[in-house]
Amino acid sequence: MKGWWNFPIVESLQRHFDYKMAFENDATAAALAEKWLGAAKDAEHFVFITISTGIGAGIFSHGKLITGATGNAGDVGHFVIDPSAGTCVCGQQGCWEYVASGTAIARQASELLEREVTSKEVFALAADGHQEMKALVDKVFRYIGVGCVTLINTLDPEKLVIGGGVSQIGEPLFETVREYVSKYALNPSGRSTPIVPAALLQDAGLIGAAALIHVDYK
Ligand SMILES: [Zn+2]
C-alpha cells in the first residue's frame, strides 16, 4: 500500500486516544496470540504459519518474537518454491503463497476447470473423488510441506503451528505435511518436529492485537 509508506500511523492515532497503542503485522500478532493463549503456550522456539489468501508467519526464538530490523520479519510467503510456476504479486517467480495459498488453489483450479471456483469448492470436489482436483490439492499440500522444511532447516523450531483458512481442512493437510517433513528435514530432530493446528483460529489476529498491549514479548 504505497500511499501509506512511512506514514506514522501509531503517532497519528495516538494524538486522538488516551489508550496505549501498538502496530503489528497480522500474522505476527497471531503468532503472539498462539504463544499467549493458544497452541504454542509451552514453546520457546516456534513458527506460526498462516495460510489463507496469502501466506505469512510469526517467529519466536528463545521466547522472544523475531521482528527484524524494520518489523518486517516473517514474510515467508515470498520465498520461492517453484520458479517455473508464474509471477507473484511481488514480482518474483513461484513464491510460496503464489503456489500454496487459498488464492493459489482457487486460481490453479479455475485454470484447470475453465470456470471460477473457490478453494472451498476445490476441497469439496477433491473429497468427492475428482481426480484433477485431488491431484491439485495433493500438490499444494506437498508445497506447504516444502515450505515447512525450509523453515525447520532455517530456524530449528520445537514446533510449527499452522492456522488460516486453508488449514481448516485439517488432517489431510497436516498428515501430508508431517510425512513430507519426516522425510526431508535435514536433521533427525527436525524430521520429528511437531506440526499442530492453531488453537485460536480466525480470532488469533484480534487476540494478538490485545497481547501487543498486555504481554512483554520482545
Ligand atoms: Zn512473492
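As the structure is a prediction and not an experimental result, all values here were calculated from the model. Just follow the structure's listing: the first ligand is 1, and inside any ligand the first atom is 1.
When all heavy atoms of Arg142 and Thr176 are compared, the pair lying nearest together is N-CG2, 4.2 Å.
A side-chain contact (heavy atoms from CB on, under 4.5 Å) with Val47 is found for exactly one of Thr193, Val161, Leu155, namely Leu155.
Aromatic ring pairs are classed by plane angle as parallel below 30°, tilted from 30° to 60° and perpendicular above 60°; the pair Phe60 and Phe46 is parallel.
Partners of Asp203 according to the side chain to side chain donor-acceptor pair (under 3.5 Å) rule, which considers only residues two or more places apart in sequence or in another chain, do not exist here.
Annotation: protein N, O or S atoms under 2.8 Å of the Zn ion (ligand 1) (waters excluded) comprise His78 ND1, Cys88 SG, Cys90 SG, Cys95 SG.
Side chains of Ser189 and Asn187: a donor-acceptor N/O pair is absent below 3.5 angstrom, by distance only.
Looking only at distances, a side-chain donor or acceptor of Arg191 sits under 3.5 Å from a matching main-chain atom of Leu186.
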